[in-house]
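Below is one structure, written out as structure tokens; comments come after it.
All figures in this text were calculated on a predicted structure; none of them were measured in a lab.
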Amino acid sequence: TVIDGGPADKAGIKEGDIITKIADQKLDNKHSLTSLLGKYEVGKTVEITIVRDGKERVVSVTLAALAQ
């Protein structure tokens, strides 16, 4: 889910996009999205590789804390 106004939304990530990499690390059975993002501090900007409509794109996302 992409949260309206959240970091992914601000970076242009949309519902249905497939995230394949965080920085240079591929998501796989050993590396989940949560575990890879957990390596970075809030406020850090990371490149995220997505696939949309069969095309690979790289977007920069500035990480933020989850609103409680």
Side-chain angles (χ1 to χ4, degrees):
T1 302
V2 177
I3 300 169
D4 287 340
D9 182 41
K10 289 178 183 176
I13 296 175
K14 299 180 182 199
E15 289 287 332
D17 287 350
I18 300 167
I19 298 173
T20 59
K21 285 194 238 177
I22 305 295
D24 291 327
Q25 182 68 55
K26 289 184 180 182
L27 273 71
D28 57 26
N29 292 338
K30 295 179 184 177
H31 303 97
S32 69
L33 177 64
T34 305
S35 69
L36 291 176
L37 288 176
K39 295 179 180 182
Y40 300 95
E41 296 177 19
V42 169
K44 176 87 173 164
T45 300
V46 295
E47 288 190 343
I48 296 181
T49 304
I50 62 170
V51 175
R52 179 186 300 158
D53 300 325
K55 296 178 185 172
E56 190 173 85
R57 303 169 190 229
V58 177
V59 296
S60 294
V61 177
T62 301
L63 304 178
L66 269 175
Q68 298 286 328

Would you tabulate the side-chain donor-acceptor contacts of residues 2-15 under 3.5 Å, counting partners in other chains and residues two or more places apart, or write 'none'?
residue, atom, partner, partner atom, Å
Asp9, OD2, Gly5, N, 2.7
Glu15, OE2, Val2, N, 2.7

**Prompt:** Can you list the residues that meet the side-chain hydrogen bond (donor to acceptor under 3.5 Å, both in side chains) rule with Ser60, with sequence neighbours excluded?
**Reply:** none

Side-chain donor-acceptor pairs of residues 37-51 under 3.5 Å, sequence neighbours excluded:
residue, atom, partner, partner atom, Å
Thr45, OG1, Thr62, OG1, 2.9

Quick check for you: to the nearest 0.5 Å, what is the distance between [X] atom [atom1] and [Y] atom [atom2]?
{"X": "Leu36", "Y": "Ile19", "atom1": "CG", "atom2": "CD1", "answer": "10.5 Å"}
{"X": "Ser35", "Y": "Ile22", "atom1": "OG", "atom2": "CD1", "answer": "9.5 Å"}
{"X": "Lys26", "Y": "Lys21", "atom1": "NZ", "atom2": "NZ", "answer": "6.0 Å"}

**Prompt:** What residue among Asn29, Thr34, Asp28 forms side-chain contact (heavy atoms from CB on, under 4.5 Å) with Ser32?
**Reply:** Thr34

**Message:** Please list all pairs meeting salt bridge (charged side-chain N to carboxylate O under 4.0 Å, His left out) that have one or both residues in residues 50-65, counting only residues at least two apart or in different chains.
**Reply:**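 Sorted result for residues 50-65: Asp17-Arg52.
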
